[in-house]
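Notes follow the structure.
Just so you know, these numbers use all the heavy atoms, side chains as well, and skip hydrogens, waters and symmetry mates. For ligands, and for the atoms within them, numbers begin at 1 and follow the listed sequence.
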Amino acid sequence: MQPTLTAVVRTGLTLTLLLPLAGSRLAATETIAVPSPPPVQGAQPDPQVIAQFGLLDNAKLQAYIDQKGMQMGRISDRPADVKGFTVVDSPIINAFATPDGHVYFTRGILAYFNNEAQFSGVLGHEIGHITARHGQKQQTRSTAINGAILLGSIFSKRIASIAQPATQLASIGLLKYGRDDETESDQLGVKYSSKIGYDPASMADFFLTLSRTEQSSGAATVPTFLSSHPNSADRYTTVKKLAQQAEQQAGRQLAVNRDQYLRLIEGLPYGDNPREGYVENSVFYHPDLKFQFPVPEGWKSQNSPSQFQMAEPNGKAVQILLPAGNKGLDETAQALAQQLKLQNAQAQKTTVNNFPALVIQGDQVGQDQSGQQGVTASTLTYLIQDGQTIYALVGLCGPGTLGTYGSTFQRTAQGFRRLTDAAKLNKQPERVRIKTAKAGQTLAQALAANGISSKRYDELAILNGMKTTDKMTAGMLFKVVGK
Ligand SMILES: [Zn+2]
């Protein structure tokens, strides 16, 4: 990691944790209070995880993962350690476990599973991180990460270069596991999954899906920088072998349950939920809060309930939008300068498309990686007042690089304006829809017959775990996405 990135990351953590937010969720009405003591023993989801991702409101799916999770917890090596299961409202493809014994699935990963056995394999992998107590090991190894520690992410090698700032800026640190821990969890996933009656080879198939999502750059709904896992292909081979042994040991037919699973996810939101903000043609729109602004060309972006992050492709600069309370521009500016530990901060009154605003420029001071006190980042921040709400657009880059990135930060902030376009305001999420194939159709033909644009065939082939040229049988279920 570059020292400058560390600085940026640290800043982000500080900012995220300390800025007096008017409710931590970037939504019109909701306020989530984050209590300071951790929840009891992981039976309930961690409030910090929920603040970052949001809960998925889907009783049927929640009941399903509760049931399978408890069933698997009971046959695991440490039943008492496995506490709870939650589906979070994020389009990112991921699953993770926290050291308190709670397992999380994103709706993103649930959309990509194609049968119960794939789900079960990943469930087993996450439960494996808990029962092998990888989290406890990680906690003692790492002291740098504040807040909840998410561990056992299905993507062990999460982030390289660019992804670092964008992800770690979030209030929750994501731990990277070593290869040994991941391998052990894969083994336990095979063991637990076959023990509750599912074909563990399907878990291997899911690694192929992961590897395809990593390679596809076009799928806007899959932030590939968050899901980088270069080892998926290797894991496929290893897990396939383990699965063969497990199948022989089981001595019975293990279940895959494709149709059951697909019917379960009918109607699941797919991709970003536009009500909470979305990017289209390099513009970020927030229909509920009724504003829009441009995203720098070529930058990666990630939306979460509490903030919207944009990152320069090489990780050299980030710009983050977050709500900054309702205390007035001057008071917010002072708080911000303090929390960012700015020196020589200068604030200037301005307006941004008729919104009152303040521009704050300054150098952030702190300790660099070698422990020296000095400038760790440069910042150009806009505070924009919309009625009672103040939005902060915080631009951060390496010391002395404001000359390079300042104009980009400015363009974004000065493009902030009221969203009035009805089509953008009324945009609804896409949903997974389950359709039935006719005999002899290829997947591409079946997609075409359901009005899917040919531009999306590859994306939907990955979603279905198939190739566009695969032949379907009569009555075979498959996924499309639509309203
Ligand atoms: Zn893992």
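- Remark: at the Zn ion (ligand 1), atom OE1 from Glu182 and atom NE2 from His129 enclose 110°, rounded to the nearest 10 degrees.
- Under 2.8 Å from the Zn ion (ligand 1) lies no N/O/S atom of His134, from backbone or side chain alike.
- Shortest distance from the Zn ion (ligand 1) to His125 is reached at NE2 (N/O/S atoms only).
- Between Lys435 and Glu266, none of the side-chain N atoms (NZ, or NE/NH1/NH2) sits under 4.0 Å from a carboxylate O, so this pair counts as no salt bridge.
- In terms of the ring pair (Phe, Tyr, Trp, His ring centres under 6.0 Å) criterion, Tyr261 has no residue partners (sequence neighbours excluded).
- Look at Glu280 and Lys427 and you find a salt bridge, because one of the NZ, NE, NH1 or NH2 atoms lies within 4.0 Å of a carboxylate O, short of that distance.
- Coordination check, Asp186 versus the Zn ion (ligand 1): failed, since every N/O/S atom of the residue sits at 2.8 Å or beyond.
- Lys191 has a carboxylate O that lies under 4.0 Å from a charged side-chain N of Asp77, or vice versa, which qualifies the two as a salt bridge.
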